[in-house]
Amino acid sequence: MKKDITRLSFILLFAPFALWIILLIILPHIGMVIISLREKVAPRIYEFSFANYVDFMQEPIYWNTLLRTGSMSLLVTVLALIIGFPIAYYIAKIAGKRSKGALFLLCLIPLWVSDLIRAFGWILLLRETGVVSTALQKTGLVSQPIEFLYNDATVIMGLVYTVILFMIVPLVSTLDGMDDAMVEAGYNLGGNGSTVLRRIIIPYAMPGIVSGCIVVFMLTAGSYLTPILLGGKNSSWFTEQIYEQFISRYNWESGAAFGFLLLFFTSIVVWLGLKLSGQTLSSTVAKS
Amino acid sequence: MSAEYDLECLDVSKNFGGVRAVEDVSFKIPKGSFFSILGPSGCGKTTLMRMIAGFEDPTRGDIYIKRKSVLNTAPNKRNVKMVFQHLALFPMMNVFENIAYGLRCRGETAGEIERKVKDVLERIALPDVGGREIHQLSGGQKQRIAIARCMVLDPDVLLLDEPLGALDLKLREAMKIELKLLQHQFDTTFIYITHDQSEALVMSDNVAIMNEGRFEQVGAPQELYHDPKTAFVAGFVGDNNHWTGKINQVIGDRLDLVTETGLSMTGHLRGNAAAAAGGNLTLFVRPEFITTRKVEDGTSEKISSDDNCLTGKIDSLLFNGANSRILVRGPGQELIEADIVLTGGTDDLRPGDPVRLSWPREQTMCFLA
Ligand SMILES: Nc1ncnc2c1ncn2[C@@H]1O[C@H](COP(=O)(O)OP(=O)(O)O)[C@@H](O)[C@H]1O
Ligand SMILES: [Mg+2]
């Protein structure tokens, strides 16, 4: 009797979760794979084929864009880690108990504003007639207006800004669990600052680092607004290609293939990252 | 050759804002001895140790290791190693790497490291655990690895901050003896911090009793137990019957006094203060110095006039094998603790028995309040 009740409550609790997974994740992906594996041979007539994938392979622009998106996302991930780690360390270990909460909240503030508004904020600052350019002219440092938008550096900066929070949160939570005595032991046994960082703090924070990197990489590679708005038409972001196939060319078959390729490619990168760092998904993302 | 001191502290003080954690502490520790700092929690023991290790700077005073001041030496350059309260072993390294960490920091060769780690593991009697992960070790093994990790570096002084606090009672008893043996084996100066008096008394050559940031008394365990210099030391070390009272008469170092509960006693003045009639006293009598006799009708034993004598009724009996004890309801209705021997025979003391308690005058340790 009691067992039945536990089972029932488990099913009731689990049902919405299962529905969500099935309806919004598994079904669309199955559908996408099916769509991507057909070719239009005549109006409304489709045949099974790998033509969409072959197209992707044969057109350098496509796979170059994918590689570029991948490598820029990696760069964004690395930058977010390098900038986020000291911030997370400060919040978790150096700040006092009371300022900790305030700092954490401060990190969350950008999330209250939508992606779109944040990107427009950057545009206001960085365009030719924007705040930075005007200020530089006023102070006489430059004589002509400067366009800061529409280059890779701006895109990367904007992306780092958008995703860095997702790096800081898991880092703070792992570093928070580290006993201060461990760092002191590291010094006491003769280590200097860099030894303690390399051999104690970073290995200890590894689960947080890896899970932060995975989340940031996936978010960046799949982001659309920031690269488009800050990078302009030439940002060559892979999501842009997908969008174009689906919406502009109305070519759902190749759009689906691209979408699936993006998923496949980022998964491979994440898998490689996990292998290289000697971590597993359950020891990182599941933990923090 | 004059005595060699591994560690000397001279008037060391530490303030945290308005809090005086450590005040004017001075001591010298001879080479190769086992020195304990015993005090209630919050009295500044950890702060003192962290200053020796270099994690806090003293507000005043100086610290010498091997006769050299270390105030301007960074923590990683001081040859004092520390076993932390929760050990702080590195969970992401296995046992071998934990022990090798310090050697690698020193830049020793792989062969040297291998040899030294193997050697130290043998000395702590855990020769085969090198490849294990930290979470695979038992509490006692972790303890020994934490010590080995320090000892492999051959420190001048090893600091231990309540290292047995996290262990269960049985293991703690075993580790007490083991620590003492390890100290003998490595022949290194150990400074051991604890709030547990039995740990300090069992293991140490010398013990410092610390209270509210100050050292109350430094001495061998027996000396502290039998000849405490302050009321705090008498009360903190060992079990006691504790009274407050007033002096009636002073005859040399003999005091005739009466407690607040109305018991008349004779006592022995401790400490260096001069006593006068009418002065307030704190007094202590240890349960093991009290002799208990059943009061039989008609028999009255003669006792020397110097001794103290009370009659009462046994209120309860606390059986604990060799450490059994009775609580006696005295004339002033207060409870007095006395140690007794129970043989299991028919003439053992039982609750309700009328008894006479007596103890020598010297065992009433009196301190001016
Ligand atoms: N970093 C610190 N800041 C402020 N006060 C501290 C700090 N460390 C210790 N104290 C205070 O100093 C006193 C002694 O602490 P501690 O040395 O940890 O005592 P013990 O180890 O004997 O329990 C305590 O009152 C404690 O609150
Ligand atoms: Mg302490």
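Side-chain atoms are counted along with the backbone in the values below, which use heavy atoms only and exclude waters and symmetry mates. Numbered from 1 within each chain, the chains take letters A, B, ... in sequence-line order.
In this structure, a donor-acceptor pair under 3.5 Å is absent between the side chains of B:Thr194 and B:Glu162.
Between A:Phe10 and A:Phe14, the ring planes lie parallel to each other; the angle is under 30°, not in the 30° to 60° tilted range. Between B:Phe35 and B:Phe27, the ring-plane angle classifies as parallel under the 30° and 60° cut-offs.
Heavy atoms closer than 4.5 Å to chain A are found in the side chain of B:Arg104, but not in its backbone. Contact of A:Val183 with chain B is not made at all, since no heavy-atom distance falls under 4.5 Å. B:Phe84 touches chain A through its side chain: at least one heavy atom from C-beta onward sits under 4.5 Å away, while N, CA, C and O do not. For a residue to count as touching a neighbouring chain, one of its non-hydrogen atoms must lie under 4.5 Å from one of that chain's; by this rule B:Met82 touches chain A with backbone and side chain alike.
Salt-bridge formation is not detected for the pair B:Asp11/B:Arg60: no Lys NZ or Arg NE/NH1/NH2 atom is positioned less than 4.0 Å from an Asp or Glu carboxylate oxygen.
Each of B:Leu103, B:Asn76, B:Leu159 has some count of heavy-atom pairs under 4.5 Å with chain A, and the biggest count is that of B:Asn76.
Considering A:Phe265, A:Trp63, A:Phe258 in turn, A:Phe258 is the only one that fulfils the ring-ring contact (aromatic ring centres under 6.0 Å, His included) rule with A:Phe238.
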